[in-house]
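These notes concern the structure reproduced below.
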Amino acid sequence: MLTITRKLEFDAGHRIPDHKSQCRNLHGHRYTLEITLTGAVIDIEGNSDNGMIMDFSDIKSLAKEHLVDVWDHAFLVYEKDTPVRDFLASLPGHKTVVIGSIPTVENLAREAFHILKAAYKDRYGTGLHLQKLVLHETPNCWAEISAD
């Protein structure tokens with residue numbers, strides 16, 4: 001299987017409301033997102049993408065549109081974290097993204113995979129699909145999710 005991977009970064013805040021450590025406090029991370037795609041290599045003479053699974057700039061554009069620009073410099077808050085949701089709502093124009101699960105790196109990776117899976121699905125009729133997503137919360141801690 002031939003795959004390609006594009007890496008992007010974004011900053012976001014979150015908290016893990018019931019956690020026993022300092023992670024229960026409001027804090028942020030410089031997240032690193034690795035998007036791995038697979039599919040047939042385009043074989044159309046004269047086509048800009050000839051010889052590619054997908055142009056890396058197109059991978060970046062779609063990831064930014066559907067996920068990175070939405071989450072970058074936002075606070076990712078659990079829908080049931082009422083005190084923080086109320087606080088963030090009191091800040092005019094604050095960039096808040098409400099998610100349906102506690103924003104651990106595992107849950108964020110799962111949410112990101114779901115969002116990006118739809119964005120890349122069979123874009124060119126070549127079987128293109130999101131094979132794997134890796135989300136680094138720190139340089140030493142990350143979650144991986146794959147289509148398998």
Side-chain angles (χ1 to χ4, degrees), residues 1-42 49 52-148:
M1 174 190 314
L2 182 62
T3 64
I4 56 173
T5 301
R6 173 71 198 227
K7 182 165 49 170
L8 297 105
E9 295 181 334
F10 64 93
D11 299 294
H14 76 147
R15 85 173 189 131
I16 313 301
D18 299 321
H19 199 264
K20 63 186 173 195
S21 77
Q22 293 185 30
C23 292
R24 71 182 170 280
N25 298 314
L26 305 179
H27 65 284
H29 298 282
R30 176 77 174 165
Y31 289 94
T32 301
L33 175 68
E34 296 177 26
I35 299 162
T36 300
L37 302 173
T38 191
V41 174
I42 297 167
D49 298 334
M52 302 176 188
I53 291 174
M54 182 178 207
D55 187 292
F56 286 113
S57 66
D58 292 337
I59 298 170
K60 178 182 178 181
S61 294
L62 285 169
K64 285 177 64 61
E65 175 186 348
H66 293 278
L67 183 81
V68 173
D69 289 348
V70 177
W71 287 10
D72 189 36
H73 283 82
F75 197 89
L76 310 174
V77 62
Y78 178 38
E79 66 184 1
K80 294 181 182 177
D81 193 351
T82 307
V84 172
R85 286 190 65 192
D86 292 346
F87 167 69
L88 295 172
S90 75
L91 302 174
H94 190 274
K95 190 174 180 183
T96 302
V97 175
V98 178
I99 64 170
S101 56
I102 296 170
T104 60
V105 71
E106 297 91 338
N107 287 334
L108 293 175
R110 189 173 18 218
E111 180 71 15
F113 190 89
H114 174 74
I115 291 167
L116 293 177
K117 180 179 177 181
Y120 294 113
K121 185 174 172 48
D122 208 16
R123 196 101 181 142
Y124 306 121
T126 59
L128 178 76
H129 67 275
L130 180 59
Q131 179 63 34
K132 183 170 94 169
L133 183 141
V134 180
L135 184 63
H136 294 257
E137 188 172 79
T138 70
N140 300 317
C141 302
W142 64 88
E144 298 182 23
I145 181 169
S146 64
D148 300 327

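- The salt bridge (charged side-chain N to carboxylate O under 4.0 Å, His left out) check on Asp69 picks up Lys64, with sequence neighbours excluded.
- Closest approach of Ile53 to Leu2, counting heavy atoms only: CD1-O, 3.6 Å.
- Partners of Arg15 under the salt bridge (charged side-chain N to carboxylate O under 4.0 Å, His left out) rule, at least two apart in sequence or in another chain, are Asp81.
- Between Val84 and Leu26 the shortest side-chain heavy-atom distance falls below 4.5 Å.
- Sorted by first and then second residue, the ring pair (Phe, Tyr, Trp, His ring centres under 6.0 Å) pairs involving residues 100-120 (not counting sequence neighbours) form an empty list.
- No donor-acceptor contact under 3.5 angstrom links the side chains of Asn140 and Thr138, judged on distance only.
- Partners of Ser21 by side chain to side chain contact (heavy atoms under 4.5 Å, CB included), not counting sequence neighbours, listed by chain and number: His19, Cys23.
- Looking at every heavy atom in both residues, Ser101 comes nearest to Tyr78 through C-CD1, 3.2 Å.
- Contacts of Trp71 classified as ring-ring contact (aromatic ring centres under 6.0 Å, His included), with partners at least two apart in sequence or in another chain: none.
- Residues forming a ring-ring contact (aromatic ring centres under 6.0 Å, His included) with His27 (at least two apart in sequence, or on another chain): His14, His29.
- Within the structure, ring pair (Phe, Tyr, Trp, His ring centres under 6.0 Å) contacts touching residues 125-148 (residues at least two apart or in different chains) are His136-Trp142.
- Listed for the Lys95 side chain is a donor-acceptor partner under 3.5 Å among the backbone atoms of Asp72.
- Here the closest heavy-atom approach between residue Ala63 and residue Leu116 is recorded as CA-CD2, 3.9 Å.
- Residues satisfying the ring-ring contact (aromatic ring centres under 6.0 Å, His included) criterion with Phe10, sequence neighbours excluded, are Tyr31.
- Among residues two or more places apart in sequence or in another chain, the salt bridge (charged side-chain N to carboxylate O under 4.0 Å, His left out) test is passed with Glu144 by Lys132.
- Arg6 meets the side chain to side chain contact (heavy atoms under 4.5 Å, CB included) test with Leu8, Phe56, Ile59, Lys60; sequence neighbours excluded.
- Contacts of Ala109 classified as side chain to side chain contact (heavy atoms under 4.5 Å, CB included), with partners at least two apart in sequence or in another chain: Leu133, Leu135, Ala143, Ile145.
- Note that CD of Glu111 is 11.5 Å distant from OG1 of Thr104, once rounded to the nearest 0.5 Å.
- Remark: Glu9 engages Arg30, Thr32 in a side chain to side chain contact (heavy atoms under 4.5 Å, CB included) (not counting sequence neighbours).
- Summarising the geometry of Ala12 relative to Leu76, their closest heavy-atom pair is CB-CD1, 3.9 Å, with the distance given to 0.1 Å.
- A distance of 11.5 Å separates CG in Leu130 from CD1 in Ile115, rounded to the nearest 0.5 Å.
- Across all their heavy atoms, Thr5 and Glu34 have their closest contact at CG2-CB, 4.1 Å.
- Of the inter-residue distances, the one linking Met52 atom CE with Ile42 atom CD1 reads 8.0 Å to the nearest 0.5 angstrom.
- For the side chain to side chain contact (heavy atoms under 4.5 Å, CB included) with Pro103, the lone residue among Val77, Val98, Leu108, Val97 that qualifies is Leu108.
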